[in-house]
Amino acid sequence: MSSESPIQQPARTDHDPGRIGARVDELLRTMTVAEKAGQLTQYFYFRLPSGAAAEPALGLDVEAQPRMVEEALGRGQVGSLLFVTDPAEINRLQRLAVEGNRHGIPLLFGFDVIHGLRTIFPVPIAMAASWDLDTIERGQAVAAREARAVGIHWAFAPMVDIARDPRWGRMVEGAGEDPFLGAAVAVAQVRGFQGAGLGQPDRIIAGPKHFAGYGAALGGRDYDEVNLSEYQLWNTYFPPFRAAVAAGAGNVMTAYMNLDGVPASGSRWLFTEVLREAWGFGGFVVSDANAVRNLLTHGFAADLSDAGARAVAAGVDMEMAITDPAYAHLPEAVESGAVTEEVIDARVRRILEAKLRMGLIDAPYVDEDRAREVLADPEHREVARVAAERSAVLLRNEGGLLPLDTGRLGSLAVIGPLADSRRDTLGPWVFDFDLAETVTVLDGIRQHVGERVSVDYAPGIPVVQRVFPSMFDMFCGNRPADPEGFDEEAEFTRAVQLAAAADVAVVVAGEWQNMIGEAASRSSIELPGRQLELLQAVVATGTPTVLLVMNGRPVDLRWAAENVPAILDIWYPGSQGGAAVANLLFGTVSPGGKLPFSWPRTVGQVPMIYSHTRSHEPDNQRRRYWDEESTPLYPFGYGLSYGRFAYSDLTLDPPSIPRDGTITASVQVTNTSDREATEVVQLYLHQRHGSAARPVRELKGFQRLVLPARGARRVEFTIGPDERRYWSTADRDWVLDSSAFDVWVGGDSTAEMTATFEVLPSA
Ligand code: BGC
């Protein structure tokens, strides 16, 4: 151990692979198998808020669990902890660990830093809707800075699972349906968390998850099995992981479910053949929580020892456990010959390397004073506000109702319980937020208009509860409640009267945050409770109405899409959400977000994707159902702004290329309106024929631009082998076909401006 200050000094981290290797060799030489198994074990360390009840499904004894972990720390049998965020507590537990093992090896502290730690950003699906890679990277850099300041070294993020079924609650955590957008967003997040590489000051390890296919749960039911073809895995579900790995992600997390008959957390194919051998992943793999012992639940492993041996042999370096880890049985598995010590050593090596690269072995403790300063940095809130502004998607704006003109507005009615709920404004998957500083939509509007406009508020309807409660409610008093003595009928009438008397009504509707996220699948996408009825009653007053949708997946907006003049999707916008929403409503900024998924009309259409293949009777594509359009309500990539954009002069150069060639597509984009506005220019590609049938369109390029009033810019994209290569089921390999290719460029996936180029057969 260094004799200098043992406070974390990331600038002093070791980046020399030779020196790191030698130190790891030295440690491995002197460690017992039990000590090695300890390094491969990560425990939750739960401290529930006083009075909170443990969720029975977790089988957790909230008194005994932390005691058990502290005992294990004292015996040197823990490599990492998760769920501790208080720097003093982190230092205390770190001390137990360092003093509890004879090598003085410190713990890695991991946490679900999903969309912020103290400063909460819009939920990940919202960040993806910004199509703004710089904003996404900056957001995760702020999250990393706050996390690192309190002593967290590693985020269980980004979630890069492709999600095409909105019944699955975890759609909110990812980047939506598309592998190209998903890969770009994954890379931006890895860079935001890690900076230029592991061990940078103010940065933490990124852990893309859940490898692989988790988003394709049968029926959208979280944790249920997944059956995906190799075609879908290689072309759709793997690319964001591959991109995150290529960007240097230091960690990858396994998935809970069974993938094509093999529990993902025991899949040698996934963790050794694909991740390590095909992609050269050099970081460490962690199991999802309890996913190694779940190999028993799946009917895969015979007992805990077998589960541990099979996971470790498959390539799962660290087990995340609540209690009773399977990896505690690794010494007996080595003894019985079920796994070799060389395999264990290879796994431990990756964990020790990560600790060395993060500088922990020399400086394990965190500076508690600095943590307070960093968390209070006002600049972080600014970054969060800008992110919320950039992620909002304008779905409808009939008659230019938005932006609202404060000069011509006397009164506003703000309606709906979500309009003034701090907790819901933040969204799911946050634990360390500051409710007092959270700006709701109502707060934001009031602060923005000041005395100029009178703003009245009524919830109108009671809070809607889940039929089955959320297991996350126990962590942070999540479950919402109505104010005492809430009179439902009287409140409904009051809300409608307020709307009738106002110049404009703003209705906030969506899902309460505990209705989405993990273990939050739904069998419908309707607005919960009486929200639609309330919206209809408000619109019926004749007062011009703006609908703000607070959500993390599509909800049924069929009625609204025809009857509400303005609809703005604000997602769960985070700490500064209300301030951002006010800036959007009143035109301080123009919305510029675009949908990262196809928005279905009804749940019966899902999964619904824009990149389907062309098949029998394509002219009938929009009438596949006899009772409802089979097109989405809003297409992938869709979103309006307060400006208007025209596309012209699409050129492809050269018009034909050899198989390894690259063409440049270029198009003129003009803002034809009288105000500055943002557009996301998108390029889609279609291969006409080849060794497999290819999607009607696939996103292959995008650029977010701000154009001044009447301003124009020429935008260029390149289409090279990487954009055309795909994994073909016919060849069971990557192929680059010669074919004619169609290109479309425009503001969403239904763009009509098109041109064609030719990839010539090799001579
Ligand atoms: C989730 C992971 C998460 C882990 C730790 C699991 O239930 O699936 O995404 O990182 O818990 O909180």
Side-chain angles (χ1 to χ4, degrees), residues 41-48 54-55 57-60 65 69 80-85 108-117 123-125 140 143 147 152-163 168-175 186 189 193 204-217 221-224 226 240-241 244 249-259 263-265 284-294 297-298 316 318-323 325 427-432 470-476 478 514 516-521 552:
T41 304
Q42 180 187 50
Y43 281 106
F44 277 82
Y45 186 84
F46 281 118
R47 288 258 182 207
L48 295 185
E55 165 62 39
L58 290 180
L60 186 67
Q65 201 270 354
V69 172
S80 174
L81 289 182
L82 75 150
F83 253 80
V84 199
T85 56
L108 273 173
F109 283 88
F111 191 58
D112 289 281
V113 188
I114 308 298
H115 53 116
L117 184 77
V123 287
I125 192 83
Q140 295 302 31
I152 292 165
H153 311 115
W154 157 30
F156 308 130
M159 190 194 92
V160 303
D161 296 310
I162 294 291
W168 191 55
R170 301 195 81 168
M171 184 179 232
V172 65
E173 283 178 64
Q189 294 198 73
F193 282 125
I204 58 179
I205 301 171
K209 65 188 186 184
H210 308 80
F211 200 51
Y214 184 33
R221 293 179 297 271
D222 204 7
Y223 312 140
D224 273 7
V226 169
F241 284 98
N251 169 253
V252 167
M253 187 186 285
T254 74
Y256 276 133
M257 76 309 139
N258 170 343
L259 174 66
S265 299
F284 66 102
V285 172
V286 69
S287 78
D288 202 343
N290 275 350
V292 176
R293 59 173 303 125
N294 278 357
T297 316
H298 283 285
V316 180
M318 183 179 271
E319 176 186 11
M320 183 190 291
I322 298 176
T323 53
W429 264 128
V430 290
F431 304 93
D432 259 47
S470 164
M471 69 172 177
F472 289 96
D473 288 340
M474 71 177 179
F475 293 115
C476 32
N478 261 347
N514 69 343
I516 190 154
E518 185 172 350
S521 294

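Whatever order the structure lists them in is the order used to number ligands and atoms, beginning at 1.
- Between Pro124 and Trp429 the shortest side-chain heavy-atom distance does not fall below 4.5 Å.
- Only one option out of Phe431, Tyr43, Phe156 pairs with Phe83 in a ring-ring contact (aromatic ring centres under 6.0 Å, His included); it is Phe431.
- With respect to Leu108, the side-chain contact (heavy atoms from CB on, under 4.5 Å) criterion is satisfied by exactly one of Val286, Ile204, Leu81, Ile205: Ile205.
- Residue contact check: Phe83 has heavy atoms under 4.0 Å from atoms 12 (O) of ligand 1.
- Distance from atom 12 (O) of ligand 1 to its nearest protein heavy atom, with residue and atom name: Asp112 OD2, 2.5 Å.
- A heavy-atom separation below 4.0 Å is not found between Phe111 and ligand 1.
- Listed by number with element, the atoms of ligand 1 under 4.0 Å from a non-hydrogen atom of Lys209 are 2 (C), 3 (C), 9 (O), 10 (O).
- Contact analysis leaves Met159 out of contact with ligand 1, as no non-hydrogen atom separation drops below 4.0 angstrom.
- Considering only heavy atoms from C-beta on, Ile114 stays 4.5 Å or farther from Met159 through its side chain.
- Considering only heavy atoms from C-beta on, Glu518 comes within 4.5 Å of Met471 through its side chain.
- Geometrically, ligand 1 and Glu173 share no nitrogen or oxygen pair separated by less than 3.5 Å.
- Which parts of ligand 1 touch Phe156 is read off a 4.0 Å heavy-atom cut-off, strictly below it: atoms 10 (O).
- The shortest N or O to N or O distance between Tyr256 and ligand 1 is below 3.5 Å.
- Within the structure, ligand 1 has Leu82 among the residues with a heavy atom less than 4.0 angstrom away.
- Among all protein heavy atoms, the one lying closest to atom 6 (C) of ligand 1 is Asp288 OD1, 2.9 Å.
- Asn294 has its side chain out of reach of Ser265: every pair of non-hydrogen atoms, C-beta onward, lies at least 4.5 Å apart.
- Residue contact check: Arg170 has heavy atoms under 4.0 Å from atoms 1 (C), 2 (C), 8 (O), 9 (O) of ligand 1.
- Counting atoms of ligand 1 from 1 in the listed order, those under 4.0 Å from a heavy atom of His210 are 2 (C), 8 (O), 9 (O).
- Using a 4.5 Å cut-off on side-chain heavy atoms (C-beta onward), Asp222 and Tyr214 make contact.
- For the pair Gln42 and Leu82, the minimum side-chain heavy-atom distance is below 4.5 Å.
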